[in-house]
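Everything on this sheet refers to the single structure shown next.
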There are 2 protein chains.
Amino acid sequence: MSYETNLQIGAQASPGDVFKALTEPKRLAQWWTSDTRGSGSKIGDVLEFWFGDFCQKFEVKALKPGKLVHWKATKEGVDECVGTEITFSLSTDEVQTLARFRHSGWKENSEFFAHCSMKWATFLLSLKDLLEKSKGHPAPNDVEINHN
Amino acid sequence: MSYETNLQIGAQASPGDVFKALTEPKRLAQWWTSDTRGSGSKIGDVLEFWFGDFCQKFEVKALKPGKLVHWKATKEGVDECVGTEITFSLSTDEVQTLARFRHSGWKENSEFFAHCSMKWATFLLSLKDLLEKSKGHPAPNDVEINHN
């Protein structure tokens with residue numbers, strides 16, 4: 001048994017622009033965490049997402065321009081996240097690009113898992129704002145979901 | 001195999017106030033949908049959540065004041081939701097009440113499921129704002145997650 005987060009947003013932006021926002025550190029830094037390092041443009045690249053002193057790293061496992069971004073959490077970082085995988089699947093309809101988000105491979109249905117799912121939702125809204133209003137709200141200026 | 005949404009928020013409010021916001025139609029109307037009808041204060045009650053001409057009904061299955069709210073979707077409403085169950089489990093730490101949300105029993109990992117998960121996240125933020133700032137953003141003034 002494993003658990004996963006499933007979310008979806010639609011943004012008025014091209015699939016190419018959404019793909020850039022998911023692969024270029026400079027763009028990732030504008031919606032997820034301001035301190036994004038590494039590289040995400042080819043398979044095997046490692047992206048580093050820093051939150052103060054804490055860093056979560058993901059290795060790029062698959063990329064299809066304008067269609068798919070697939071990462072896997074490396075062995076560094078939070079124990080519960082190790083080996084979990086993230087995919088962003090992009091599709092379009094008449095008016096928007098839809099970004100379907102999955103974060104799979106969680107071993108336990110824990111509070112931390114529910115917390116991360118909630119944070120992901122706020123970061124996807126940040127991505128939508130970046131794409132549509134040219135301004136996201138990345139950490140450390142992210143939306144608060146609790147008081148920890 | 002079934003799928004579920006897991007989310008959590010923390011709000012600076014008492015468990016009793018959070019429980020009220022999850023059981024009283026007048027309070028539910030201030031964070032989920034402005035047109036909330038029915039009753040949610042005892043087991044067997046049915047709550048009606050109206051979004052324009054569409055109505056989603058939930059029957060109250062369990063209640064523990066300040067601790068738990070459990071609903072089950074009735075046979076009316078969206079096919080994919082029929083029989084799904086929602087629980088809000090409340091707990092506290094030094095500074096807040098944590099509300100753990102689960103929406104379980106989804107038969108398919110569909111786009112609609114991902115869409116609903118994302119909407120739930122925005123409504124939980126609305127609940128948090130209602131509890132802390134006395135102002136939620138219920139439908140039809142809810143946060144847009146796409147352009148449908």
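Order of the sequence lines fixes the chain letters, A, B, ..., with proteins taken first and strands second; residue numbering starts at 1 for each chain.
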At their closest point, which heavy atom of [X] faces which heavy atom of [Y], and how far apart are they?
X	Y	answer
E144(A)	L125(B)	O-CD2, 4.2 Å
Q8(B)	E111(A)	NE2-OE1, 3.4 Å
N146(A)	K128(B)	N-CE, 3.8 Å
R100(B)	S110(A)	NH2-O, 3.5 Å

(message) Just so I understand: if I count every heavy-atom pair under 4.5 Å between each of L98(B), V143(B), N6(B) and chain A, which residue has the most?
(response)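 Greatest number of close heavy-atom pairs with chain A: N6(B).
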(message) Looking only at heavy atoms and a cut-off of under 4.5 Å, which of M1(B), K119(B), Q96(B), E4(B) has the most pairs with chain A?
(response)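 Ranked by contacts with chain A, first place is Q96(B).
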Between [X] and [Y], is there a shared hydrophobic cluster once you connect ILVMFWY residues whose side-chain heavy atoms come closer than 4.5 Å?
X	Y	answer
V82(A)	F112(A)	no
W120(B)	F101(A)	no
M118(B)	F54(B)	no
L22(A)	V46(A)	no
L90(A)	W71(A)	yes

(message) With a 4.5 angstrom heavy-atom cut-off, is it the side chain or the backbone of D93(A) that approaches chain B, or both, or neither?
(response)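 For D93(A), side-chain heavy atoms alone lie under 4.5 Å from chain B.
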Compare all side-chain heavy atoms of [X] with those of [Y] and state whether any distance is below 4.5 angstrom.
X	Y	value
L124(B)	I145(A)	no
I9(A)	H115(B)	no
L7(A)	T5(B)	no
H147(A)	E132(B)	yes

(message) Atom CD of residue position E76(A) - does it have more than 12 heavy atoms of other residues, nucleotides or ligands inside 6.0 Å?
(response)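 Counting neighbours around CD of E76(A), more than 12 heavy atoms of other residues, nucleotides or ligands fall under 6.0 Å, so yes.
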(message) With a sphere of 6.0 Å drawn around CD of Q12(B), does it hold more than 12 non-hydrogen atoms of other residues, nucleotides or ligands?
(response)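 Check passes, neighbour count above 12.
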(request) Specify which of T122(A), N148(A), N109(A) makes the most heavy-atom pairs with chain B at under 4.5 Å. (result)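 It is N109(A).
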